[in-house]
Colleague: 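This is the structure, below, for whatever I ask next.
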There are 2 protein chains.
Amino acid sequence: MRRMTARPANAHQARLLRLLRDGGPNSRAQLGDQVDLSRSKLAVEVDRLLETELVVADGLAASRGGRRSHNIRLNPHLRFLGVDIGATSVDVAVTNAELEILGHINQPMDVREGPVAVFEQVLAMAAKLRATGLAEGFDGAGIGVPGPVRFPEGIPVAPPIMPGWDGFPVREALSQELGCPVMVDNDVNLMALGEQHAGVARTVADFLCVKIGTGIGCGIVVGGEVYRGTTGSAGDIGHIQAVPDGRPCACGNRGCLEAHFSGAALARDATEAAEQRLSPELATRLEANGTLSAVDVAAAAAAGDATALDLIREGGNRTGQVIAGLVSFFNPGLVVIGGGVTGLGHTLLAAIRTQVYRGSLPLATGNLPIVLGELGPTAGVIGAARLISDHLFSPA
Amino acid sequence: MRRMTARPANAHQARLLRLLRDGGPNSRAQLGDQVDLSRSKLAVEVDRLLETELVVADGLAASRGGRRSHNIRLNPHLRFLGVDIGATSVDVAVTNAELEILGHINQPMDVREGPVAVFEQVLAMAAKLRATGLAEGFDGAGIGVPGPVRFPEGIPVAPPIMPGWDGFPVREALSQELGCPVMVDNDVNLMALGEQHAGVARTVADFLCVKIGTGIGCGIVVGGEVYRGTTGSAGDIGHIQAVPDGRPCACGNRGCLEAHFSGAALARDATEAAEQRLSPELATRLEANGTLSAVDVAAAAAAGDATALDLIREGGNRTGQVIAGLVSFFNPGLVVIGGGVTGLGHTLLAAIRTQVYRGSLPLATGNLPIVLGELGPTAGVIGAARLISDHLFSPA
DNA sequence: CTACTTTTTCCACTCTCAGGACAAAGGCGG
DNA sequence: CCGCCTTTGTCCTGAGAGTGGAAAAAGTAG
C-alpha cells in the first residue's frame, strides 16, 4: 500500500485529526459539536481531509432522532511505530492512527552496545511486526532513548548511560531506514505522554511522571505539553542529592538518589543482603539464578521477606523525599510512578506517599493523587506513537 | 483626565501594543518590519488604536533614506500602579505604559496587620504619588503578595505568613478602590516578571528566580510565561527539606530551607552569635540597635567579620544545594538570585554557585549563568506593572 | 402516510486581507 | 534649485474565508 504523506493544511484540519485520534470514529455532526466552525466550513475541511485520504468515510452513524450522519474515521491503514529503548531492553509496537497497539514486542538488549547494533535490532523487530501483516509500512515513528535529547534535531546529548550515542543522528538515521518521519525524545517524557494520552493523566494539565527503572527520571508536563528544559535534560532527577555524604555515584558525586534507589542499586543491595545471609528468601533466589534483580526483590517482598520489604521501604522513603521537594517546587496536579521497579507495588507507593504528604505543604498536597502508572510497559511505546502523531497532526 | 478604558480588539492590536511597550516609540514603518502584516492591514489597525487613544501619533521619525515616517507611541498619559507587599514592607510605584518607573515609595509595614490596614496604607501611598502630579488616576494596577494566590480570582489561599489574608478578595477590593482593572500574584512571580521585562532575564525563555527575603520563594518561568502550578503554590521552595532532622520550622517539619536560611533565620543566628560573643562586630551592632537583621550581617561581612561570613557561606551552601536539585529537575537557562538578602552579595552568590555547579550534571550547568537580580527592590513593582499591562494588552 | 428531526448541500452575502498602483515626502548628486 | 531615486502612506480591487439561511435528503415517531 502507498504510504500517506499528506499533512493537515491548516489548524482546523489538525484539530479534527486530533479529535478523531483521541475520540475514535465520529460522525460529521458530532465533530461539528466539538469544533467551533460553521457547518459549511466543517464540510469543506472534512472533504479536503477525505481527498488527502487521511480520513475515510465509514458507513452511517446511529441516528440521533433524524437523518443518520456519515461516520468519519482516520484512515485505518495508517500505521505508527513506537520504539522505547530502555537501558536493558527494547520495546517496539505498531499502532493504528488512533494509537491503539496492534502488535508489541519486547526484547532484552544492552543499550551500551551502541546505536548501530541497537538500530539493527529495532529494525529487525519492526520487520517482524510488519511480517505478521499488521503493517505494510509506517507513516511515522516515535522513539524514546534513556538519556537527554536535543529535541528539535532528535540527537542524544551527553547521555551518561549510553556513551556511544552522543551526537548520533537518531532521527535522521531512523527516518532514512524507515522512510517516514521520525521524532526522538527521552524515554521518560514518552512515558508521560503515554499516561497522558491513554493512562491516568488524561485530564490533568500539569503533572509529574517519575520513572524508576535502571535509573530514575521524571517527565514534566506543563499545560498539557512536555517540558524539556533548555538543553533537554529537564527531569533528570536521578542525580539529585538524596543522602548527604551518601554512596558514591557514577556521576562523581555522593548520595545521588539513583545511587541509593533504582533498579541497579536495588539489585546490588539485594545481592549484598543475600550474601550476608540477612535474607534466606533472597539467598535462595541468588543461588538459583546467579544474580538478583528488582523482580526478585518484589517476589521476596510478596513472600513477606522482611529484608526485601525494608529495602523497598527505604528506597521509597528516599525517593519520596526527593519527590516531596519537587512537589513543593512544581505544585503538580498529579504524580505518576512508573517504570520497571513499580512491580514493587504498594509497599513502594505507600513509602513515597508518606514522605510526600509529610514533607510538602498542605496546599500543594491537599488534592494531590500519587498513583502508579496505568499502562505499565506500554506507556513508552504509546507515548512514542503519540509524539509522532502530534507532530504529523499539526499544520505543515 | 479621563482614564483609558479601551482594550485591543484583536491579537494584532495586542501585539502592536506590546511592541510599543517593550520597544518604546516606533515609526509605523518599523512596526511594519516587526509584525507580519500587509501595509494596508497595519495602517488600519494603527488607525483603530489611534481612535481608541491607546496610542498617539508623536511627530516624525528620522528618515531611513526616503520619506520620513510618523512616530507612534503608547499614550503618554497611561499610568499603571505597581504594588509589592513584602512581609515587612510595602513598595508602591507609578509607571507609564512603557513600564518606566515615574515614582516609587517604600514604607515598612507588617503584613500580619491584615488586609484592611495594609490596603489603607497602600491607598495612602498611591494617593501620595498621585499628589505629586505623576498621575491623575490609574489605568491598571498589579499587586504582589507574599504567599500563594488563586490567580484567576486574585485571592490569596492559605498564606502561611499572612494568616488574615486567606480568602480576602484582593483583586476585587483593590479594583473597587482604584476604579481600574487589577491583577494579583505572588510577589516572587512578579519579581521574575520584572527581571524578565527589564532585568537580566530579558532573553531567556525558561528560568528560575529565587527570592531570598524574610522567606524563600522561587518564580518559575516556562516558555516566557510564569508557571503557577495547580493551586498557585508552585515555587514554594522555602519548605523543602535542606537539612535532615534539622531545625524545627513554623510549618511543623524539621530542616526546612527557610528555617536554616532566610532573612528571619539569619537575624536569629546573628543575634545568637552576638550574644555568645563569637563576633565582636555583630555584638557592637546588637548593642547599638537592640536588634540585628540581614543588613547588619552584610555590613559585618563587608568589614571582614569571620562569623558573619560563615553564616552567609553556610546559608548559601544550603540554598545552593536545594537550587542544585531544582536545576537538575528543571534545567533552566538562567538562575536569578534576588530579594532583601542579596545585600550579602558575592559571598552568598559564590557559595550558591559552588553548590550548584558541583551538585548538578554538566549538561544542565554547562551554560547556566547564576546571577544576582539587576533591578533590586524595583523588580517587584515593575513585575506588577508588567502583569497588569500583559492583561490589558491582550485581546478583550 | 403525516408531522417532525436531524443532516447535508447549496448559495448568496459579508468581511478580511494581500498586494498593486499611485501619491506624498524626503534624500542626494549635479 | 532640479531631476531622480527611495521610502512611506493611501486607495482600490480582487481573491478567499467564512457565515447563516433555505431547501433538499434521509430518518424517526405516531
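A note on names: the letters A, B, ... follow the listed sequences, proteins ahead of strands, and every chain is numbered from 1.
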Colleague: Rounded to the nearest Å, what distance is computed from the CG atom of residue B/Leu42 to the P atom of nucleotide D/dT8?
Modeller: 12 Å
Colleague: Might you point out which heavy atoms bring B/Leu129 and B/Gly103 nearest each other, and give the distance in Å?
Modeller: CD2-C, 3.8 Å
Colleague: Taking CZ from B/Arg64 and P from D/dT6, how many angstroms apart are they, rounded to a whole number?
Modeller: 15 Å
Colleague: Do side-chain atoms of A/Gln13 reach the backbone of A/Ala9 as a donor and acceptor pair under 3.5 angstrom?
Modeller: yes
Colleague: Nearest-Å distance, CD1 (B/Ile72) to C1' (D/dG9)?
Modeller: 12 Å
Colleague: At under 4.0 Å between heavy atoms, which parts of nucleotides 24-30 of chain C does protein reach? Answer with one letter per nucleotide, 5' to 3': B base, S sugar-phosphate only, - none.
Modeller: BBSS---
Colleague: Could you give the CZ-to-C1' distance, from B/Arg48 to C/dC17, as a whole number of Å?
Modeller: 11 Å
Colleague: Using the ring centroid of each side chain, check whether A/Phe330 and B/Tyr227 are separated by less than 6.0 Å.
Modeller: yes
Colleague: Which one of A/Glu98, A/Arg18, A/Arg21 satisfies the side-chain hydrogen bond (donor to acceptor under 3.5 Å, both in side chains) criterion with A/Ser389?
Modeller: A/Arg21
Colleague: For DNA chain C, find the residues of residues 20-40 of chain B with a heavy-atom distance under 4.0 Å and give them by number; none if there aren't any.
Modeller: B/Ser38, B/Arg39, B/Ser40
Colleague: I need the CD-P distance between A/Gln13 and D/dA17, as an integer number of Å.
Modeller: 11 Å
Colleague: Shortest non-hydrogen contact from A/Leu178 to A/Ala141?
Modeller: CD1-CB, 3.8 Å
Colleague: Under the side-chain hydrogen bond (donor to acceptor under 3.5 Å, both in side chains) test against B/Asn75, which residue among B/Arg79, B/Arg73, B/His77 passes?
Modeller: B/His77
Colleague: Can you tell me how far C1' of D/dG9 sits from CG of B/Leu50, to the nearest Å?
Modeller: 13 Å
Colleague: Measure the distance from CG on A/Asp47 to C1' on C/dT7 and round it to the nearest whole Å.
Modeller: 14 Å
Colleague: If you measure from the Lys or Arg side-chain nitrogens to the Asp or Glu carboxylate oxygens, is any gap between A/Arg228 and B/Asp206 under 4.0 Å?
Modeller: no
Colleague: Grab the NE2-C1' distance between A/His70 and C/dT6 for me, whole Å please.
Modeller: 13 Å
Colleague: May I ask you to say whether A/Glu51 pairs ionically with A/Arg48, meaning some side-chain N is under 4.0 Å from a carboxylate O?
Modeller: no
Colleague: Taking A/Asp47 first and then A/Arg28, would you say they form a salt bridge - that is, a charged N and a carboxylate O separated by under 4.0 Å?
Modeller: yes
